[in-house]
Each structure stands twice: as C-alpha cells, then as structure tokens.
Novice: 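Once you've had a glance at the structure underneath, I'll fire off some questions.
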Amino acid sequence: MGDCELHTSCGIQKCTTDFVSFTSHLNAALDDFDLEFCKALRAYSVCTYRNSKVCRGNLVYHSAVLGIGDLMTQRNCTKNGPTSSTNSEMTHDLCNYSGHTEVRERQGGEKTPPPTYLFCGLFGDPHLRTFKDHFQTCKVEGAWPLIDNKYLSVQVTNVPVVPGSSATATNKITVIFKSYQDCTDQKVYQAMTDDLPAAFVDGTTSGGDENTRSFYIVEKVSGKYIEMHARYIGTTVYIRQLGHYLTLAIRMPQELVMAFEESQDLQLCLNGCPSSERIDQSGYLPLPVMGKLHPWGAASHPRSGYTLETATTKCHEKMLVKDIYFYSCVFDLLTTGDDNFMAAAHSALQDVEALHPSKENWHIFPRSGDNGVGRDSKFFVSLGLLCLIHVLYL
C-alpha cells in the first residue's frame, strides 16, 4: 500500500509532459534547435532531480533519467546552463509563437490544438505555390504583393527575362516585419539581384531581446542564401539568389496569414495571380500529348537552344520525381535556356521539404487528360506548348 502511495506522488509524468511541450514545436532544421533542445533537457533533468526521493523505485522515472543522460550526450549539452521555463510571464513565451498556445492553456485550463502552418513559394519564370497549395505560372511584371497582413508584408518585383519578351523573373524582394509588443520594432529587409544582405536595412541582424533570439537572420551561403526566423510569429522565410534572379519560400501560421483587412485582399500567396496574369491552365502547365509538329519544323525552341529531350534530361539530373517542379524546370529551360532556372526549381522543392508542414503534399502532380500530363504519362511538347510560348513570350 505504501509503495502505491509513493508512486502516486511521483511527479515524473509532469516532468515528461513539460519536456514534450518545450520540444514539440522545435524544428531540427533550424539553427536554434540544439540550443532550445538542451534548455528543455536541462529543465527535464532538474525536474527529475526534484522528484528523486518520491520516485525512488519507479521504473518510468529511472528510464527517464537514463534517457536524459543519453540525449544530453548525443546533443553535446552541458549540465549547467539556461533551462526552459513554465512561467507564463516570461518574455520567452510572449515572443515565441508556440508559447502563445501554452500560455493560453495554462491560463484557461483548456487544451489548445497545435497551430496549423501554411507554405508559399515563388521561383523561376515565375511559378507560384500559394498557401492553399495551388500551383500557378504567371507573368506579373512589376511590383506585386505576396503577403500583406497585420504581422508581415512581402512584395516582389519581376522583370523581363529576355529583352522583348513578357517572360519575367524576380529581381527584388522586400519583407516588412511589423512591430509586435515587446518582441520587435518594425524591421525591413530588402534583397536585390547581386545584393542579398545578411542584415535588415538598418544594419541589424535581429530584433527584440537578444537573449530570447525571437527574431534573427542567418546567412547560409554568403550573398546567395539567407533565412529569417521570426519565432514571435512562428514564421520562417528563405530567400535565395540563383543566377540573376531570386526565389522565396515562407512558412507562417494560418491564423496570422488570415489576419488582414478587407482592403488587403490582393495577396498572391493567399489568392493567387489575377486570371489575366496566368500562363498555366487551371493550375497546370499546358503540356499536350505528342502527335503534332513544332511550327518551325525543328525540335528546339529557337531562343533557348534546348530540345524537349535535352531539357527533360537536364531537369532529371536534379529532380527524379516528375512532379510540377520537374515540369516547371523543363518549361523554363525551353523558354529561357538558362540553366539557373533548373537550380531554382530544385531549390524550391528543397524549400518545400524543409518548410511545408505536410509531407504527403510536398509533390504536386499535373492532371491526366487530353490537355495535360499526369503522373504516369510520358511528357511531350508539341505545337500547343510551343505555340503558347510563342504567343505569350514573343
């Protein structure tokens, strides 16, 4: 009887629950993962130590202690250092989007479902993947808003790829992180071709309290690839330069994406491109079946120098799955002849795999049918596609 009472008073379950709440939102791909994971492990260790007497003889407790030691060794965590806290008044929670739900749970006592995250990406000529996982290919020359809500604004500028053509690609991206409580003042980031800085326009690389690292920039490849992590709004932004043009990928919580005024409805990431700016057909690149000849009587586009066969082979070097990213690569090579567009499509897919919350939705496949190419269809370009390029781009 006494033994049962001893186990009932053991607080190992609360220790484990707290550890899970501290780590469930962490992303192993992000730079601060080890820092935050070690803080959570140290908090877990402190909690088990406090329960060492009342949990003596509890197998779950002793298994947890051994597991903590193994994890700290694997992650090279020091025994001494900062720990995660369950104090709802701490700035760490206020400036950590995942902590917002934890605070609400502790204050209201009700379980809050985990936040839903959305993904948007823009790359190439240009191809847009919206927050709704719709895939579009657009013209959109000039400045266009991708995102415009209470927390974040993102605008891109697209310029012609080839002189005399309406084919465009992105050469400028402006990101505005709006001021938020005590977490950050307004910060503006601007990238242009051959100018991809690792700092905001005011010269800083972070916002808010440096100790909490709630908002910061990481330079992954000098002048070619940066990441912005705004933990206070649960948002991550990737910007790359490939060749002369820029790509963008972003993950943001759905409830924040939808926090906008009626006047802010022109957002390409949310609602897609206007119909007058669309090149694709209902979200799919027009890829008709074989059976007709190219109007110039040759097997290559006169401007790009690529044939269907060489473009397909080139794209297949980087992308083994023939999804819409693969077909976008082929489309861009036939249109521009610039190999950097292949790298852009490949990087865009890598960004999807890093940021998109649903693995089963990473790949988007063109539809089957008379006017499109499906997952199992052979890919052919005929009079229809090449005439489309000719009409739209020349």
Novice: Do side-chain atoms of S45 reach the backbone of R42 as a donor and acceptor pair under 3.5 angstrom?
Specialist: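 Checked: no pair found.
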Novice: Look up atom NZ in K14 and atom CG in D18, then write down how far apart they are to the nearest 0.5 Å.
Specialist: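 One gets 3.0 Å once the value is rounded to the nearest 0.5 Å.
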Novice: Just how far is it from atom OG1 of T205 to atom CE of M228, taken to the nearest 0.5 Å?
Specialist: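 Output value for this atom pair is 12.5 Å.
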Novice: Mind checking whether Y117 and P253 have side chains closer than 4.5 Å, heavy atoms only?
Specialist: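 Touching, per the 4.5 Å side-chain cut-off.
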Novice: Is it true that K178 and D148 make a salt bridge, defined as a side-chain N closer than 4.0 Å to a carboxylate O?
Specialist: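 Salt bridge between K178 and D148, a charged N being under 4.0 Å from a carboxylate O: yes.
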Novice: Can you name the one residue among T336, T335, D339 that meets side chain to side chain donor-acceptor pair (under 3.5 Å) with Y306?
Specialist: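 Testing Y306 for a side chain to side chain donor-acceptor pair (under 3.5 Å) against T336, T335, D339 leaves exactly one candidate, D339.
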Novice: For the pair Q241 (side chain) and G243 (backbone), establish whether a donor and an acceptor sit closer than 3.5 Å, ignoring hydrogens and angles.
Specialist: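 Confirmed, Q241 side chain pairs with G243 backbone.
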Novice: To the nearest 0.5 Å, tell me how far T168 OG1 sits from I279 CD1.
Specialist: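 It comes to 7.0 Å.
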Novice: Looking only at atom types and distance, does a side-chain atom of T170 sit under 3.5 Å from a main-chain N or O of K172, one as donor and one as acceptor?
Specialist: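 Judged by distance alone, no pair lies under 3.5 Å.
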Novice: Y151 and I233: which non-hydrogen atoms are nearest, and at how many Å?
Specialist: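 Looking at all heavy atoms of both residues, the shortest contact is CD2-CG2, 3.8 Å.
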Novice: Taking all non-hydrogen atoms of both residues into account, name the closest pair between Y189 and P197 and its distance.
Specialist: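 In terms of heavy atoms, the two residues are closest at OH-O, 2.6 Å.
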Novice: So, do V175 and V188 sit near enough that their side-chain heavy atoms are less than 4.5 Å apart?
Specialist: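 No, every pair of side-chain atoms sits at 4.5 Å or beyond.
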Novice: Which pair of heavy atoms, one from C329 and one from A345, lies closest together, and at what distance?
Specialist: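 Where C329 meets A345 most closely, the heavy atoms are CB-CB, 3.9 Å.
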Novice: When the ring planes of Y325 and F123 are compared, do they come out parallel, tilted or perpendicular, using 30° and 60° as the limits?
Specialist: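 It falls in the parallel class, under 30°.
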Novice: Return the NZ to SG distance between K322 and C315, rounded to the nearest 0.5 Å.
Specialist: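 If we round to the nearest 0.5 Å, K322:NZ and C315:SG are 10.5 Å apart.
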